[in-house]
Amino acid sequence: MPMDAVMYRTIEVTPQPSGFGAEISGPDLTQPLPAPVLEEVKAAWARHGVVAFPGQAMSLDALEAFTLQMGGFGSDPYIKPMSGHPNVLELRREPDEKATNFGAGWHSDWSFQHAPPAATILHSKVVPPVGGDTLFVDACCAYEALSPAMQQMLAPLRAIHSARQSYGSKGVFSKETEKRTMQIIVSEEADAALTHPLVRTHPVTGRKALYVSPVYTVGIEDLTAEEAKAMLGFLFAHLTQAQFIYRHKWREQMLLMWDNRCTMHFAEGGYDGHLRLMHRTTVSGEVPA
Ligand code: SIN
């Protein structure tokens with residue numbers, strides 16, 4: 001009997017073949033979850049990093065209520081939220097949009113914040129017939145695959161994170177000319193930077209994960225720019241190897257929740273001519289350690 005069948009009493013968990021990512025059936029996320037169900041959902045999320053709940057016809061109110069049950073709202077900067085729902089972002093790309101789809105670069109959400117979100121929750125309303133998958137990297141497995149010597153070398157390092165490459169005064173969005181439905185807020189505030197441990201320890205599982213991404217990591221403290229570029233280049237190539245990636249295929253009315261503390265993700269395009277519509281919230285997190 002698979003281990004998950006033994007572990008869970010209130011939900012059914014079907015892990016992806018690698019164990020990274022799982023589908024969960026049983027709970028009705030449109031209703032408040034009883035404590036034992038919530039506990040098992042949180043346990044499965046910690047264990048598998050990315051959990052998908054198919055067939056959840058969530059209203060915005062239900063999405064907000066589920067987010068609160070998971071730990072409370074994170075703070076989402078640089079994107080105008082939905083009217084009347086300050087904690088919900090609408091990820092909407094119209095069929096005629098030519099601007100690059102939102103999230104099309106490897107990142108862990110808002111890692112430039114002092115206490116980045118533990119989770120991101122994405123609910124699919126309209127899924128295009130082609131493209132639009134979301135890819136995830138298992139940053140724990142990627143860390144564990146490094147040699148002990150490399151792990152030791154990385155242990156004391158702090159990576160520099162900033163939103164500047166995307167939302168800063170000279171960032172990608174500041175130069176955008178194509179029409180975009182989502183309202184992005186370019187800001188000088190986004191030019192700021194802070195540091196986090198390059199290897200962070202997951203507060204629930206105790207596993208270590210590489211905590212860097214091409215979108216938000218702009219250097220490594222105490223290394224020269226050249227040294228940091230070489231080291232980050234190696235780490236980005238290492239992280240994005242096929243064996244660490246789970247490709248998520250969407251179905252409509254599916255809720256996906258991922259753990260930003262041990263994953264990076266990438267929103268794939270390939271659906272020009274089709275609408276893609278998602279609602280997104282974040283769950284507040286702790287200071288990485
Ligand atoms: C994101 O949150 O980065 C976007 C993910 C997606 O739209 O698939």
Side-chain angles (χ1 to χ4, degrees), residues 16-21 48-50 100-113 116-117 120 131-168 170-173 175 190 193-202 205 207-249 256 258-270 288-289:
Q16 298 299 329
S18 69
F20 176 51
H48 298 288
V50 185
T100 311
N101 61 290
F102 180 75
W106 285 108
H107 62 285
S108 173
D109 284 326
W110 311 149
S111 70
F112 49 81
Q113 293 180 331
T120 301
D133 296 350
T134 310
L135 276 52
F136 291 89
V137 151
D138 182 341
C140 288
C141 274
Y143 171 78
E144 288 156 9
L146 293 170
S147 66
M150 178 60 96
Q151 291 177 349
Q152 215 176 339
M153 189 156 62
L154 298 178
L157 296 179
R158 295 185 68 84
I160 304 169
H161 296 250
S162 171
R164 69 177 170 234
Q165 299 183 142
S166 304
Y167 304 101
K170 298 193 182 86
V172 172
F173 289 116
K175 302 185 182 111
L194 52 59
T195 67
H196 289 307
L198 192 150
V199 176
R200 71 181 288 184
T201 304
H202 194 284
T205 65
R207 287 176 81 190
K208 291 184 175 176
L210 289 169
Y211 192 56
V212 289
S213 75
V215 171
Y216 295 135
T217 309
V218 296
I220 299 176
E221 196 173 57
D222 298 331
L223 298 195
T224 65
E226 289 74 21
E227 289 166 347
K229 194 171 169 207
M231 176 62 85
L232 289 172
F234 164 76
L235 291 174
F236 297 155
H238 175 73
L239 278 157
T240 53
Q241 292 176 88
Q243 69 265 33
F244 304 130
I245 293 179
Y246 159 61
R247 170 179 290 274
H248 180 70
K249 294 210 166 280
L256 191 72
W258 62 84
D259 193 326
N260 286 303
R261 302 167 294 190
C262 55
T263 66
M264 310 196 272
H265 60 280
F266 181 108
E268 223 172 50

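Positions are given from 1 along the sequence.
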For residues 148-155, which side-chain N or O atoms pair as donor and acceptor with protein atoms under 3.5 Å away, sequence neighbours left out?
residue, atom, partner, partner atom, Å
Gln151, NE2, Tyr143, O, 2.9
Gln151, NE2, Leu146, O, 3.3

(Q) Let me confirm one number: the OG1-NZ distance from Thr224 to Lys229, rounded to the nearest 0.5 Å. (A) 11.0 Å
Q. Nearest heavy-atom pair of His48 and Gly19: which atoms, and what distance?
A. ND1-O, 2.8 Å
**Q.** Shortest non-hydrogen contact between Arg164 and Ala193, atoms and distance
**A.** NH1-CB, 4.3 Å
Q. Is there a donor in the side chain of Ser111 and an acceptor in the side chain of His161, or the other way round, less than 3.5 Å apart?
A. yes
(Q) If I take atom CD1 from residue Ile160 and atom CD from residue Glu221, how far apart are they, to the nearest 0.5 angstrom? (A) 6.5 Å
Q: For the residue pair Glu144 and Arg207, establish whether any side-chain heavy-atom pair is separated by less than 4.5 Å.
A: yes
Q.
Can you tell me how far apart CG (Asp109) and OG1 (Thr263) are? Round to the nearest 0.5 Å.
A. 8.0 Å
(Q) Using 0.5 Å steps for rounding, measure from the CZ atom of Phe266 to the CZ atom of Arg247. (A) 9.5 Å
Q | Side-chain donor or acceptor of His196 paired with backbone N/O of Ala289 under 3.5 Å | A | no
Q: Without swapping roles, check the side chain of Ser162 against the backbone of Ala190 for a donor-acceptor pair under 3.5 Å.
A: yes
Q. Less than 4.5 Å apart, any side-chain heavy atom of Leu239 and any of Trp106?
A. no
Determine all donor-acceptor pairs shorter than 3.5 Å in which one atom belongs to a side chain in residues 208-217; sequence neighbours excluded.
residue, atom, partner, partner atom, Å
Ser213, OG, Tyr216, N, 3.3
Thr217, OG1, Ser213, N, 2.8
Thr217, OG1, Ser213, O, 3.2

Q.
Whether the side chain of His265 engages the backbone of Asn260 through a donor-acceptor N/O pair (distance < 3.5 Å, no angle test) should be reported.
A. no
Q) Do the side chains of Ile220 and Glu227 get nearer than 4.5 Å, heavy atoms only? A) no
**Q.** Residue pair Phe244 / Ala145: nearest heavy atoms and the distance that separates them
**A.** CZ-CB, 3.7 Å
Q. Just how far is it from atom CG of Leu198 to atom CG of Leu223, taken to the nearest 0.5 Å?
A. 9.0 Å
**Q.** Flag side-chain contact, heavy atom, 4.5 Å: Asp138 against Tyr246
**A.** no
Q: Kindly state whether the ring of Trp258 and the ring of Phe136 have centres lying under 6.0 angstrom apart.
A: yes
Q: Look only at the side chain of His202 and the backbone of Arg261, and say whether a donor-acceptor pair between them is shorter than 3.5 Å.
A: no
